[in-house]
Amino acid sequence: MSDDKPVILTCAQPTGVLTMGNYLGAVKNWASMLDDHDCYFGVVDLHAITVQYTPAELRRNTLSCVAQYIACGLDPERASIFIQSHVTGHTELAWLLSCTTPIGELQRMTQFKEKAAKLGFKTSGENDVKFTHEGARAGASVNAGLLMYPVLMAADILLYNADKVPVGNDQRQHLELCRDIAQRFNNSHSPTFKIPEPYIPKSGARIMSLQEPSRKMSKSDENSTATLFILDQPDVLKKKIMSAVTDSGSEIRAAEDKPGVSNLLQIHSSLSGVPLDDLEAEFTGKGYGDLKRAVADVVISAMEPVGQRYKELIEDKSYLESVLKNGAATAQKRAYKMLAKVYRKAGFVERPR
Ligand code: TRP
């Protein structure tokens, strides 16, 4: 990991099992960027506590998350994989940045508003955000951490002086805020932070729900057959794929008026590497059942080694620990440097050595 490669940083919350959408849309792409970049990958456990959680579950999910990403191809030899709470600096920098971030900017974040709404709070007005407590569940409240979430995310990024940040569309606004925060600091002190660019991979596939192909495949879909999880057993994968919603007509082609079929073709193509055109040709004259069987085969054979690797990893605590130890050490080195620089510029007295 030399200093001259651009630095890529991305993080994920430890929330359960990855979906085929996460795998094809994001993880697989990061794995392909390892050679040309200095890569940092954080599992953000401190973000995970901004919503209700159970400590034992958080611990389990955090380790599981690490194992899943490695099983999906994030190679710890070529990327620093670390747990956010293991690296000193994330929360410190978040505090510092929070002191220059107007509350209003945070209250305007779409994700904050959505999460607040889920708790029964409504925001009124675009700029003048007042919380109208409408039907909040007994005892529910919007905690300050939820509001601070994007500042902590900005700290994650700026602490490593990352050049590029691979994020999904839902995180673009947070990245935009991070850029503003960095710019503000640079303006009031002196150039300190690089302004991070969003990294949108060329070939990132957008995988849709199997039951409602107009919606993105989601971890939290209420309909359990709509989502393929990377650790689903082969028979479960098969069942879900065979019951996927298809479209009227019987032609197998990728087109806007065929969202269900297009989605299945896309899944196949992303995993098999066969271009969509060739798949269409291959399935000419065949039925939806044939397509589904073929997709199931491709998915099952792609996920089998992932599941196998995951099982080995999750049972090998000492290996996981060594990955996390190395990851945290590399991350910490970079983070300390940055934190010291920022503290100095912000006027703090240097720590006695
Ligand atoms: N908020 C991101 C998400 O939910 C996770 C995240 C936290 C992140 N810190 C980050 C992503 C830094 C990229 C860079 O997906």
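One-based numbering, in listed order, for ligands and for the atoms of each. What you see is a predicted model, and the numbers here were worked out from it, not measured in a lab.
The aromatic rings of Tyr40 and Phe82 stand perpendicular to each other, their planes meeting at an angle above 60°, with 30° marking the opposite boundary.
Salt-bridge check for Lys258 with Glu251: failed, with every basic side-chain N at 4.0 Å or more from each acidic carboxylate O. Lys194 has a carboxylate O that lies under 4.0 Å from a charged side-chain N of Asp163, or vice versa, which qualifies the two as a salt bridge. Between Glu105 and Arg108 there is no salt bridge, since none of the side-chain N atoms of the basic residue sits less than 4.0 Å from a carboxylate O of the acidic one.
Ring-centre distance between His174 and Phe112: not below the 6.0 Å cut-off.
Hydrophobic clustering of Ile, Leu, Val, Met, Phe, Trp and Tyr side chains at less than 4.5 Å, counting indirect connections, unites Val51 with Met148.
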Quick one: table the atom pairs, ligand 1 N or O against protein N or O, below 3.5 Å, distance rounded to 0.1 Å.
| from | atom 1 | to | atom 2 | distance (Å) |
| --- | --- | --- | --- | --- |
| ligand 1 | 1 (N) | Tyr149 | OH | 2.7 |
| ligand 1 | 1 (N) | Gln171 | OE1 | 2.9 |
| ligand 1 | 4 (O) | Tyr149 | OH | 3.1 |
| ligand 1 | 4 (O) | Gln171 | NE2 | 3.4 |
| ligand 1 | 9 (N) | Asp156 | OD2 | 2.7 |

